[in-house]
Each structure stands twice: as C-alpha cells, then as structure tokens.
Amino acid sequence: MIRVAINGYGTIGKRVADAVTCQPDMTIVGVSKTKPSAEAYIAKARNFPLYIADLSKKEEFDKAGIPVAGSVGDMLAACDIVVDATPGGIGAKNRALYEKAGVKAIWQGGEDHDVAGFSFSSSCNYSDAIGRDYARVVSCNTTGLCRIIKLVDSEYGVRKVRATMIRRGGDPGDIKRGPIDAIVLNPVTIPSHHGPDVQSVLPEIKITTTALIVPTTMMHMHVVQMDLKQPGTRERIIELISKNPRIGLVRKATGITSTAELKEYVMDLGRPRSDLWENGVFEGSISVDEDDLCLFQAIHQEADVVVETIDCIRAMMGTITIPEESIALTNHSLGFSPIR
Ligand SMILES: NC(=O)C1=CN([C@@H]2O[C@H](COP(=O)(O)OP(=O)(O)OC[C@H]3O[C@@H](n4cnc5c(N)ncnc54)[C@H](OP(=O)(O)O)[C@@H]3O)[C@@H](O)[C@H]2O)C=CC1
Ligand SMILES: O=C(OP(=O)(O)O)[C@H](O)COP(=O)(O)O
C-alpha cells in the first residue's frame, strides 16, 4: 500500500483524500489543517488522523473536540508521498519540509512549475513522472486544455491553439471572493498563465490563451480553437472523445447549454460532491471546417485535478508504469466513467 499524506485539507485536499481512500493500492496516513474549522470536523468524521502545521494551536483543536495526531512533521514521517494542497504560494515554502523528511511530494497548480521542475498531466506525460521525487499537477484549466489538445494532436497534429478561459470567481464555499458584478480581465495581459503552463507539459504546442473572471462559482468554461495540421471531421472528434477516459461529451440531446445545468446533471448522476472529473465538451459546439476546430468545454475546477493527482502518485511511486492502466484503475475505483 502506498502511504499518502495530504498537507492542506481544503477544497482539493479533501477530494484527493476521498479518492485515495477508494483506491485499492493506497491509503491515507493523515491530513492537515491550521484551524479547527469545518473541514477538520470532516476529517474527524472520516477517521483521518489530523495533523497541524503549528503545534502551539493544539489547544484550539482540543477545545473544539477535534483530536490532533501530531505535527505536519510527524505526518511526513509516516508517509511515502505527500500531496501538498495548501493555498497557492504556501506549497513552495513547504518544499524544505519534504526534503528534510525524505518524502516524495506533489504540488498543485497554484504553485509555479519551478517548485518541482516537472509538471504533470495523466494523458500527456505519465511516463516521464515514473520514479520522480517531485511533481506539480497543473492547474484545473491547464489540465482541461492539456487533455483536449493531446487528444486532437495525437490524431491530426495541432499547428496552433487559441483558447479563452471564462473562469469562475471562486469556489462555492469561498464567500469572500468575487467579482459580484463585473467581468474581470484576469489577467489583462496576454497570454494568461494557462498557455505557458500547457507548454510546461506539451512543449511543442503553439498556444495563446486569454482569461476572464465572471460572477459564478460552479465551473469554468473554455472557448477553444485549434488549427489542425491536416483536415479533420466533426464525427471523428466526437468518436475520439467518446473513447477517452477523461473527456466527457455533453450530448446535444440533453439540452444542456450551461454550467448550471451541467452541474445539476452531474449531481443527478450521483457523483460525490457533484464532481465532474472529466472535461465536459459540448457536442453541439464541436465544429470542424477543414483544418479549423472549435468547441466549448466546461471544466469543474474542484474536480479534474483530483484524478490526475491519483495517477501522479502511482507514476512517482513506480507501481504502475503504463499510463492507461493507472487511468483505468483510478476511474474504476471511483466508479467513474465519463458522461456520454
Ligand atoms: N480550488 C480550486 O478550484 C483549485 C485549486 N487548485 C490548487 O490547489 C491548491 C489548493 O487550493 P484549494 O484546495 O482551493 O485551497 P483551500 O484554501 O480550499 O485549502 C487549503 C487548505 O490548506 C490548509 N493550510 C493552509 N496553510 C497551511 C499550512 N501552512 N500547512 C498545512 N495546511 C495549510 C488550509 O487549512 P486551514 O483552513 O485550517 O488554514 C486548507 O485546509 C492551490 O495550489 C490551488 O491553486 C487547483 C485546481 C483547482
Ligand atoms: O487552477 C485553477 O484555475 P486556473 O487554471 O485558472 O489557475 C483553480 O480554479 C484555482 O483558481 P483560483 O486561483 O482562481 O482559485
């Protein structure tokens, strides 16, 4: 069994912890928080040993009735690999802790590529992660872009990608984030970080990305255009998506034309936390005019990187060396097959 620690039991960390628990080859040795707030009670309910970054805060946890198993250092001593899901920027500061403990570490997309020197996407570069000590799973939007670009590039070759990310303002529980009434250019400069981040995984891809933030919490929406190296067809793109384990097809017949309806659909499917782990490509949007491909895809920011993180754990531990095998095991263990 691979012993996994989660440093930062928040939006991403709690999902990764639950996904690890579903896998037959890994187990959670502990999760961490700094404050005895809501997710600390969830850790207790799940029977995950809870560790804290600063032991001087133990009394606050004691008062809240939440048992503390020890410090983050103690948690690291008990694991083979740590998933750092602390807020962006904090993870880089934690690297010294992981080096000292001699454990492998995975960071999330809020950190820069340099934190690990290697950026990961299951369907693009799983094999390059095998045996590594450090990796960064790219951000949710970058993950969604990498999946669809890799799929199309493998079939037709991609000459150039242009993509606009219409990003959610904050996660549903992030009551202090916005905007409330604005469309924010984020960033106003071009490209957004997503293009260079895609190139940290797929260096040969030419891509320009732009990004905006809008007052919504459910999902991001991408407007993607690719110049193909040879003419394609809409039918073939749909066929490829239908066979892909991490890209779903939002069928035209469902009548779904928004993130809100898609979230409702996923909730009705009974997915935990209504998580859409796959890209949601809108069938009705897929348009191919010779070498010009356009589509819309929805990306559930809280979910898509979770399954990638599970694959990244296996690759780094070297227990499964065939990417498709890990992807299939992760999906199967979660009881997940993409929407079709
Ligand atoms: N949310 C999203 O949509 C996505 C986020 N990401 C990336 O994932 C990472 C985590 O983001 P997210 O889950 O949203 O963040 P959250 O703020 O939801 O959770 C962060 C967690 O880290 C804990 N924490 C804070 N400081 C420390 C510390 N020094 N040591 C240990 N734990 C600490 C917090 O605990 P406490 O509350 O007790 O302080 C909290 O549980 C970031 O890099 C982000 O960019 C990637 C894809 C999507
Ligand atoms: O990884 C994400 O977005 P990104 O791919 O746009 O960086 C997550 O939605 C977190 O974004 P945030 O930095 O707005 O919380």
Side-chain angles (χ1 to χ4, degrees), residues 5-17 30-43 48 50-55 57 60-61 64 66 68 71-73 75-76 82-98 106-112 115-116 119 121 136-146 163-179 184 186-187 191-198 209-214 216-222 273 275-277 299-309:
I6 309 289
N7 197 20
Y9 190 67
T11 304
I12 299 299
K14 66 187 177 186
R15 286 174 166 81
V16 173
V31 303
S32 79
K33 274 190 51 72
T34 69
K35 298 188 286 285
S37 50
E39 276 129 0
Y41 288 90
I42 301 299
F48 293 144
L50 183 72
Y51 295 84
I52 56 176
D54 178 0
L55 268 184
K57 301 267 170 66
E60 288 176 36
F61 284 80
I66 295 165
V68 171
S71 68
V72 166
M75 176 173 80
L76 296 177
V82 58
V83 175
D84 187 303
T86 58
I90 292 182
K93 294 183 189 136
N94 288 333
R95 183 174 159 133
L97 281 179
Y98 307 148
I106 298 175
W107 287 269
Q108 298 297 317
E111 307 301 327
D112 292 337
V115 73
S119 293
S121 163
R136 171 188 76 141
V137 171
V138 287
S139 76
C140 52
N141 282 313
T142 310
T143 292
L145 284 172
C146 284
T164 295
M165 267 54 66
I166 301 165
R167 302 163 79 195
R168 62 85 179 105
D171 296 332
D174 284 338
I175 58 169
K176 292 189 178 156
R177 289 187 55 166
V184 181
N186 185 269
S192 63
H193 77 81
H194 309 94
D197 270 353
V198 164
T209 55
T210 48
L212 319 137
I213 296 183
V214 295
T216 174
T217 62
M218 293 185 197
M219 292 183 186
H220 305 296
M221 185 71 82
H222 294 182
R273 297 188 175 95
D275 279 354
L276 184 73
W277 290 302
I299 299 296
H300 183 193
Q301 73 280 355
E302 298 164 295
D304 69 341
V305 297
V306 172
V307 286
E308 308 280 312
T309 301

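We count ligands from 1, going down the list as the structure has it; atoms in each ligand are counted the same way.
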Quick one: does Q108's side chain have a donor or acceptor within less than 3.5 Å of a partner on A85's backbone?
no
Under 4.5 Å between any side-chain heavy atoms of D84 and I106, yes or no? no
re atom 11 (O) of ligand 2, the protein heavy-atom contact at minimum distance is R168 NH2, 3.6 Å
dist I166:CD1 -> N186:CG (nearest 0.5 Å) comes out at 13.0 Å
So what's ligand 1 close to, N/O to N/O, under 3.5 Å?
{"from": "ligand 1", "atom 1": "1 (N)", "to": "D171", "atom 2": "OD2", "distance (Å)": "2.6"}
{"from": "ligand 1", "atom 1": "3 (O)", "to": "R168", "atom 2": "NH2", "distance (Å)": "3.1"}
{"from": "ligand 1", "atom 1": "3 (O)", "to": "D171", "atom 2": "OD1", "distance (Å)": "3.3"}
{"from": "ligand 1", "atom 1": "13 (O)", "to": "T11", "atom 2": "N", "distance (Å)": "3.3"}
{"from": "ligand 1", "atom 1": "13 (O)", "to": "I12", "atom 2": "N", "distance (Å)": "2.9"}
{"from": "ligand 1", "atom 1": "18 (O)", "to": "T11", "atom 2": "N", "distance (Å)": "3.0"}
{"from": "ligand 1", "atom 1": "18 (O)", "to": "T11", "atom 2": "OG1", "distance (Å)": "2.9"}
{"from": "ligand 1", "atom 1": "37 (O)", "to": "K33", "atom 2": "NZ", "distance (Å)": "2.9"}
{"from": "ligand 1", "atom 1": "38 (O)", "to": "K33", "atom 2": "NZ", "distance (Å)": "2.7"}
{"from": "ligand 1", "atom 1": "38 (O)", "to": "T34", "atom 2": "N", "distance (Å)": "2.8"}
{"from": "ligand 1", "atom 1": "38 (O)", "to": "T34", "atom 2": "OG1", "distance (Å)": "3.3"}
{"from": "ligand 1", "atom 1": "38 (O)", "to": "K35", "atom 2": "N", "distance (Å)": "2.7"}
{"from": "ligand 1", "atom 1": "39 (O)", "to": "T34", "atom 2": "OG1", "distance (Å)": "2.5"}
{"from": "ligand 1", "atom 1": "39 (O)", "to": "K35", "atom 2": "NZ", "distance (Å)": "3.3"}
{"from": "ligand 1", "atom 1": "41 (O)", "to": "Y9", "atom 2": "N", "distance (Å)": "3.3"}
{"from": "ligand 1", "atom 1": "41 (O)", "to": "Y9", "atom 2": "O", "distance (Å)": "3.0"}
{"from": "ligand 1", "atom 1": "41 (O)", "to": "G10", "atom 2": "N", "distance (Å)": "3.3"}
{"from": "ligand 1", "atom 1": "43 (O)", "to": "G110", "atom 2": "N", "distance (Å)": "3.1"}
{"from": "ligand 1", "atom 1": "45 (O)", "to": "G110", "atom 2": "N", "distance (Å)": "3.2"}

Heavy-atom check, side chain of R15 versus side chain of V305, under 4.5 Å: no
Next on the checklist: Would the distance check show the side chain of R168 and the main-chain N or O of Q301 forming a donor-acceptor pair, the cut-off being under 3.5 Å?
Outcome noted: no
In this structure, atom 14 (O) of ligand 2 is nearest to the protein heavy atom R177 NH2, 2.9 Å
* Asked: Any N/O of S139 closer than 3.5 Å to an N/O of ligand 2?
  -> yes
Can you find a pair of side-chain heavy atoms, one from D197 and one from T209, that are under 4.5 Å apart? no
protein heavy-atom neighbour closest to atom 7 (O) of ligand 2 works out as H193 NE2, 2.8 Å
For R167, the atoms of ligand 2 under 4.0 Å from one of its heavy atoms are 3 (O), 4 (P), 6 (O), 7 (O), 14 (O)
Check if E302 has a non-hydrogen atom at a distance under 4.0 Å from any atom of ligand 2.
no
Short version for M165: what comes under 4.0 Å of ligand 2, heavy atoms counted, is neither
With heavy atoms and a 4.0 Å threshold, my read on which part of Q108 contacts ligand 2 is neither
*asked:* Tell me if the CG atom of D112 is crowded by more than 12 foreign heavy atoms within 6.0 Å.
replied: no
message = When you compare the side chains of N141 and S139, does any donor N or O come within less than 3.5 Å of an acceptor on the partner?
response = no
Do V68 and K57 have side chains that get closer than 4.5 Å, going by heavy atoms?
no
Tell me which donor-acceptor pairs under 3.5 Å the side chains of residues 34-43 have, and how far apart each pair is, sequence neighbours excluded?
{"from": "S37", "atom 1": "OG", "to": "K33", "atom 2": "NZ", "distance (Å)": "3.0"}
{"from": "E39", "atom 1": "OE2", "to": "K14", "atom 2": "NZ", "distance (Å)": "2.8"}
{"from": "Y41", "atom 1": "OH", "to": "A64", "atom 2": "O", "distance (Å)": "3.1"}

heavy-atom search around atom 2 (C) of ligand 2 in the protein gives C140 SG, 2.7 Å
